[in-house]
Amino acid sequence: MPIARPDWPQATTVDEIRHNLDVVRQRIARACARAGRDPASVRLLPVSKTVEEARLRLAWQAGCLELGENKVQEAQGKAEAMADLPVRWSLIGHLQTNKARHVARFASEFQALDSLRVAQALDQRLALEQRTLEVFVQVNTSGEASKYGLDPIEVADFVQQLPAFPQLRVRGLMTLALLSSNPEQVRPCFVRLRELRERLRPTLPAGISLEELSMGMSGDFEIAIEEGATVVRVGQAIFGARSTPDSVYWPTPAPEPSP
């Protein structure tokens, strides 16, 4: 998770947001150069949690045509309020089965799939909506009990069962790295996800793709790119430091309520 820093001032105008986007893209390009990669191989997903609608409309003018949100209620509210703009919404936070119906209506992407119950709930709701949804399987590569995601040893069996849910378009894997300012503690999380993807590739079921690796945020996305990230989720480096603590958006896992 990113760490709020004083060099992430609030961006409150189109020009300020556009400048921050340019800076992030330059950092992406430099990281790609170090890794011998094409910058076009990395997709920047601006993360808009806690950012109010007025600033998101400015962000759209600045070039943010897709936005990532953690909480379903917040994401749905923004999607409805900004329905006049062709924004592509990505849900990147944990999802409970009783909220799958909401996601099925407005989201284009879900990056935190770690339960067959959620997969089934989404698939059923998407069928009713006559929609499909791109999904990433979330993997807990840090081994922290405070994070959602499958244990790496569970992913192979999990992926084998996903063809049962035809409304889901499985695109890749997602992870949250260890919260640390030490690159040598963060990097192994990204290495584990890339190596897991390589091990799984030869045995993937038909229709399942793991080409995408979503990893890296404002504080560590350059390391993630060096280790193979194809999607980086960047919020504070674009919009400014959040006033709320990370625990609000990355809560400790708790039992799901009964459906």
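This one's a predicted model, so the numbers in the text were calculated from it and none came from an experiment.
- To the nearest 0.5 Å, atoms CG (L210) and CG (L204) are separated by 4.5 Å.
- Q236 and S218 share no side-chain donor-acceptor pair at under 3.5 Å.
- Nearest heavy atom pair, residue D123 against residue P166, reads OD1-N, 3.2 Å.
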TODO: Please lay out, stage by stage, how E211 and R201 fare under the test salt bridge (Lys or Arg N to Asp or Glu O under 4.0 Å).
DONE: CA-CA 9 Å; E211 291 304 308; R201 269 177 163 166; 3.0 Å; yes
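- R171 and E212 are not joined by a salt bridge, as no carboxylate oxygen comes within less than 4.0 angstrom of a charged side-chain nitrogen.
- Between D84 and A81, the shortest heavy-atom distance links the atoms OD1-O, 3.8 Å.
- Salt bridge E66/R43: present, at least one basic N to carboxylate O contact under 4.0 Å.
- Inter-residue side-chain proximity for P86 and L65 is flagged as unmet; no heavy-atom pair is nearer than 4.5 Å.
- R105 places no side-chain N or O within donor-acceptor distance of the main-chain N or O of E129, the cut-off being under 3.5 Å.
- Residues P46 and W60 fail the side-chain proximity criterion, which asks for heavy atoms closer than 4.5 Å.
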TODO: Given side chain to side chain contact (heavy atoms under 4.5 Å, CB included), test Q167 with L122 step by step and report yes or no.
DONE: CA-CA 8 Å; Q167 306 306 118; L122 282 171; over 6 Å; no
- [ ] Evaluate the criterion side chain to side chain contact (heavy atoms under 4.5 Å, CB included) for residue pair T230 and R37; output intermediate values, then yes/no.
- [x] CA-CA 10 Å; T230 65; R37 299 180 58 192; 4.1 Å; yes
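- The shortest side-chain heavy-atom distance between H94 and D114 falls under the 4.5 Å cut-off.
- Ion pairing of E195 with R192 is absent here, as no side-chain N (NZ or NE/NH1/NH2) approaches a carboxylate O to less than 4.0 Å.
- To the nearest 0.5 angstrom, T175 atom OG1 is 9.5 Å from L196 atom CG.
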TODO: Might you work through the salt bridge (Lys or Arg N to Asp or Glu O under 4.0 Å) test for R34 and E226, ending with a clear yes or no?
DONE: CA-CA 7 Å; R34 291 193 295 274; E226 291 170 2; 2.8 Å; yes
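- Summarising the geometry of A62 relative to V14, their closest heavy-atom pair is CB-O, 3.8 Å, with the distance given to 0.1 Å.
- Side-chain atoms of T132 and L126, non-hydrogen and from C-beta on, never get closer than 4.5 Å to each other.
- Each of I17 and L45 belongs to its own hydrophobic cluster when Ile, Leu, Val, Met, Phe, Trp and Tyr are linked at side-chain heavy-atom distances under 4.5 angstrom.
- No donor-acceptor distance shorter than 3.5 angstrom exists from the side chain of N140 to the backbone of G149, with no hydrogens or angles considered.
- Atom CG of N20 is separated from atom CZ of R25 by 11.0 Å, given to the nearest 0.5 angstrom.
- Here the shortest heavy-atom pairing between A119 and L162 reads CB-CD2, 4.5 Å.
- How far CG of L58 is from CG of D15: 10.0 Å, rounded to the nearest 0.5 Å.
- Linking ILVMFWY side-chain heavy atoms closer than 4.5 Å, directly or via other members, places V87 and V231 in two distinct hydrophobic clusters.
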TODO: Kindly determine whether S142 and L176 satisfy side chain to side chain contact (heavy atoms under 4.5 Å, CB included), including the steps that lead there.
DONE: CA-CA 8 Å; S142 69; L176 299 167; over 6 Å; no
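- Atom OH of residue Y148 and atom CG of residue L113 lie 14.0 Å apart, to the nearest 0.5 angstrom.
- Remark: side-chain polar atoms of R233 are paired, donor with acceptor, to backbone N or O of S214 under 3.5 angstrom.
- With hydrogens and angles disregarded, no donor-acceptor distance shorter than 3.5 Å links the side chain of K147 to the backbone of T141.
- A continuous path of hydrophobic side-chain contacts links M82 to F239 [ILVMFWY only; heavy atoms under 4.5 Å].
- Closest approach of F106 and A79 over heavy atoms only: CD1-CB, 3.8 Å.
- Here the side chain of T13 pairs a donor or acceptor atom with the backbone of E16 at under 3.5 angstrom.
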TODO: Applying side chain to side chain contact (heavy atoms under 4.5 Å, CB included), run through R27 and F221 and close with a yes or a no.
DONE: CA-CA 9 Å; R27 292 170 60 190; F221 70 82; 3.5 Å; yes
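- Salt bridge R187/E227: present, at least one basic N to carboxylate O contact under 4.0 Å.
- E69 pairs with exactly one of K78, K49, Q76 by the side-chain hydrogen bond (donor to acceptor under 3.5 Å, both in side chains) rule, that one being K78.
- For the pair E53 and R57, the salt-bridge criterion is met [side-chain N within less than 4.0 Å of a carboxylate O].
- At a threshold of 4.5 Å between side-chain heavy atoms, the hydrophobic network of Ile, Leu, Val, Met, Phe, Trp and Tyr places V118 and L116 in one connected group.
- To the nearest 0.5 Å, atoms NZ (K99) and CD (Q73) are separated by 6.5 Å.
- Closest approach of E144 and L179 over heavy atoms only: OE1-N, 4.5 Å.
- Contact annotation: the side chain of F190 approaches that of D220 to within less than 4.5 Å [non-hydrogen atoms, C-beta and beyond].
- Side-chain N/O atoms of Q161 and D157 include a donor and acceptor closer than 3.5 Å.
- Hydrophobic cluster membership is shared by V170 and L91, with clusters built from Ile, Leu, Val, Met, Phe, Trp and Tyr side chains linked at under 4.5 angstrom.
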